[in-house]
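The structure appears right after this line, and notes come after that.
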Amino acid sequence: MISIPEILQTEAEAAAVIRLTVPRSEMRKAFGPAVGELMAALADQGVKPSSPVFAHHLKMSPDTFDFELGVKVAAPVKATGRVKPGGLPATKVARTIYSGPYEGLPSAWGEFDAWMRANNHEKAESLWELYSVGPQSTPDPANWRTELNRPLKT
C-alpha cells in the first residue's frame, strides 16, 4: 500500500495557499472549488504552480480538518480573496508514497503511523499530502500517487 518510508530534511518552500477549516464529511465538497479558486488567482497574477496540489494539515481532530490547500510557487504571490502567500516548512520528516485511490488514504496513514511507532519516530502534530499523480493526470485511481509527509519531533 505504501512505499518503504524514508527520513529526510526538507527545505522551506514558498506556496500559495487557502486555509480551510471544514468538517471531515465536507472535505470533498470544499476541496475542488478551492483548487479552482487557487488556480484562478495564480493565473490572474501570472504565477505558475511549481508542484501539484498539497494539503498541509495543521491540526487533526476526528471530525474537523484544519488545513492549507496549496501549491508550491517559484514567484511571490499577492494575497487576493482567500488566497495567501504561505509555504511548507524546513523540517525533518518521515516520507512515503501511497499508491491508489484517495479513499485509501486513511488506511495508508494508519500503515505509515504504525511504521513510525515500530521504528521509534515521534511524530509532530502537522502533516501534509502532495497529490503527485491524481485525476488531473490519469483517470485510473490505481495509478494515483500521494506523497505522505509527517514532520518529526526533534
Side-chain angles (χ1 to χ4, degrees), residues 1-22 24-39 42 47-75 77 83 85-154:
M1 213 165 148
I2 63 172
S3 65
I4 297 171
E6 60 183 344
I7 306 300
L8 55 109
Q9 177 68 42
T10 64
E11 300 294 325
E13 297 183 86
V17 300
I18 294 176
R19 178 90 179 248
L20 297 168
T21 304
V22 297
R24 185 179 288 257
S25 62
E26 300 292 316
M27 173 73 156
R28 284 192 178 166
K29 241 194 300 189
F31 202 90
V35 170
E37 181 181 345
L38 180 63
M39 295 306 176
L42 291 178
V47 176
K48 293 186 184 214
S50 61
S51 78
V53 172
F54 64 81
H56 184 195
H57 293 264
L58 306 167
K59 295 179 188 170
M60 301 296 289
S61 75
D63 54 352
T64 304
F65 282 147
D66 181 5
F67 69 102
E68 290 179 334
L69 169 85
V71 292
K72 298 174 192 175
V73 293
V77 174
V83 177
L88 290 172
T91 190
K92 188 175 181 181
V93 300
R95 175 178 291 163
T96 188
I97 305 296
Y98 161 68
S99 299
Y102 297 143
E103 293 80 17
L105 281 167
S107 294
W109 278 108
E111 184 180 347
F112 190 24
D113 285 345
W115 177 88
M116 290 183 65
R117 283 189 304 277
N119 289 277
N120 299 314
H121 296 295
E122 192 175 353
K123 59 189 179 183
E125 187 173 345
S126 72
L127 60 86
W128 68 89
E129 300 172 335
L130 185 121
Y131 309 103
S132 48
V133 178
Q136 77 284 3
S137 307
T138 177
D140 184 358
N143 294 323
W144 296 356
R145 304 288 178 267
T146 305
E147 180 185 282
L148 308 181
N149 294 276
R150 182 61 116 158
L152 303 175
K153 287 187 178 177
T154 54

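Quick caveat: nothing in here was measured; it's all calculated off a predicted structure.
- With sequence neighbours excluded, the residues satisfying side-chain hydrogen bond (donor to acceptor under 3.5 Å, both in side chains) with Ser3 are Thr96.
- Atom-to-atom distance recorded for Phe67:CZ and Leu58:CG is 9.5 Å, nearest 0.5 angstrom.
- Leu127 places none of its side-chain heavy atoms less than 4.5 Å from the side chain of Leu148.
- Legend: residues meeting salt bridge (Lys or Arg N to Asp or Glu O under 4.0 Å) with Arg95, ordered by chain and number and at least two apart, are Glu147.
- Taking each heavy atom of Pro52 and Ser132 in turn, the nearest pair found is CG-CA, 3.7 Å.
- Partners of Ala118 by side-chain contact (heavy atoms from CB on, under 4.5 Å), not counting sequence neighbours: none found.
- In this structure, CG on Leu69 lies 9.5 Å from NE2 on His57, to the nearest 0.5 angstrom.
- The side-chain contact (heavy atoms from CB on, under 4.5 Å) check on Lys48 picks up nothing, with sequence neighbours excluded.
- Between Leu88 atom CG and Thr10 atom OG1 the span is 7.5 Å, to the nearest 0.5 Å.
- Pairs of residues two or more places apart, or lying in two chains, that qualify as side-chain hydrogen bond (donor to acceptor under 3.5 Å, both in side chains) and include a residue from residues 103-116 are Arg28-Glu103, Trp109-Glu129, Asp113-Lys123.
- Note that CG of Leu152 and CD of Gln9 are 10.0 Å apart. Values are rounded to the nearest 0.5 Å.
- Shortest non-hydrogen contact noted between Ala75 and Val47 is O-CG1, 4.1 Å.
- The salt bridge (Lys or Arg N to Asp or Glu O under 4.0 Å) test applied to Glu122 returns Lys153, not counting sequence neighbours.
- Judged as a salt bridge (Lys or Arg N to Asp or Glu O under 4.0 Å), and not counting sequence neighbours, the contacts of Lys29 are Glu26.
- Taking each heavy atom of Tyr98 and Ala108 in turn, the nearest pair found is CD1-CB, 3.4 Å.
- Closest of all the heavy-atom pairs between Val83 and Ala16 is CG1-CB, 4.3 Å.
- For residues 54-71, every residue pair satisfying the salt bridge (charged side-chain N to carboxylate O under 4.0 Å, His left out) rule, not counting sequence neighbours, is listed here: Arg19-Asp66.
- Put simply, the side chain of Asp140 gets close to the backbone of Ala142: a donor and an acceptor are under 3.5 Å apart.
- Residues satisfying the side-chain contact (heavy atoms from CB on, under 4.5 Å) criterion with Pro151, sequence neighbours excluded, are Thr91, Val93, Ala124, Ser126, Trp128.
- Scanning both residues, Ala34 and Leu20, for their nearest heavy atoms gives CB-CD1, 3.9 Å.
- Considering only residues two or more places apart in sequence or on other chains, Ser99 meets the side-chain hydrogen bond (donor to acceptor under 3.5 Å, both in side chains) condition with Arg145.
- To the nearest 0.5 Å, atoms CG (Asn149) and CZ (Phe112) are separated by 7.0 Å.
- For residues 8-17, every residue pair satisfying the salt bridge (charged side-chain N to carboxylate O under 4.0 Å, His left out) rule, not counting sequence neighbours, is listed here: Glu13-Lys72.
- Nearest heavy-atom pair across Gly87 and His56 is O-ND1, 4.2 Å.
- Rounded to the nearest 0.5 angstrom, Leu130 CG and Ile97 CD1 are separated by 8.5 Å.
- In this view, Tyr102 and Tyr131, Trp144 satisfy the ring pair (Phe, Tyr, Trp, His ring centres under 6.0 Å) rule, not counting sequence neighbours.
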